[in-house]
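Written below as structure tokens is the structure these notes are about.
Both ligands and their constituent atoms are indexed starting at 1 by order of listing.
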Amino acid sequence: MKLAVAGKGGSGKTSISGTMARLLARDGRKVLAIDGDSSPNLALTLGIPQAQMSAMPTLPRDLLDRSNGGAVLTKTLEEICASHSVQGPDGVTLLVMAHPQHAGTG
Ligand SMILES: Nc1ncnc2c1ncn2[C@@H]1O[C@H](COP(=O)(O)OP(=O)(O)O)[C@@H](O)[C@H]1O
Ligand SMILES: [Mg+2]
């Protein structure tokens, strides 16, 4: 099952995404959470300390091969998760996309 949550800023996307992810993980499902927001704060909702997130490297640009018109991953999802993900207290795996550079809401 893949769920994408998008919408207006401040409408509760992060809160509902984090809550769903934690509940599904507590139920024993394997959950991979990806925060695509340019000001990401899903880690906070998942119970992952900011310092732990900041210590992780962000995804490298050469992860996508665009040479044939499309976009193909140059590594497997397992390899990407091994080097660029953090586990939350309920067992949710959060893929580290970007680090917040400034404080913000929403
Ligand atoms: N169901 C809710 N009731 C009241 N406040 C909420 C609810 N869901 C989220 N909020 C609050 O609204 C604000 C924005 O929520 P957030 O999940 O960060 O939105 P988004 O990710 O869409 O920008 C936060 O302060 C959050 O605590
Ligand atoms: Mg948000």
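Remark: the backbone N or O of Ser67 is paired with a side-chain donor or acceptor of Asp65 at under 3.5 angstrom.
In this structure, Leu77 places its CG atom where more than 12 heavy-atom neighbours from other residues, nucleotides or ligands lie under 6.0 Å away. The 12-atom threshold is exceeded at NZ of Lys13, counting heavy atoms of other residues, nucleotides or ligands nearer than 6.0 Å.
Heavy-atom contacts of Ser15 reach the following atoms of ligand 1: 8 (N), 9 (C), 15 (O), 16 (P), 17 (O), 26 (C) (cutoff under 4.0 Å). Of all atoms in ligand 1, numbered sequentially from 1 with element shown, those under 4.0 Å from a heavy atom of Lys8 are 22 (O). Every atom of ligand 1 with a heavy atom of Lys13 under 4.0 Å away is listed here by number and element: 17 (O), 19 (O), 20 (P), 21 (O), 22 (O), 23 (O).
By the 3.5 Å distance cut-off applied to N or O atoms, Gly12 is counted among the residues near ligand 1. Inclusion of Gly10 in the set of residues having an N or O under 3.5 Å from an N or O of ligand 1 is warranted.
None of the N, O or S atoms belonging to Asn41 lies under 2.8 Å away from the Mg ion (ligand 2).
Among residues two or more places apart in sequence or in another chain, the side-chain hydrogen bond (donor to acceptor under 3.5 Å, both in side chains) test is passed with Asp90 by Arg22, Arg26. Among residues two or more places apart in sequence or in another chain, the side-chain hydrogen bond (donor to acceptor under 3.5 Å, both in side chains) test is passed with Gln52 by none.
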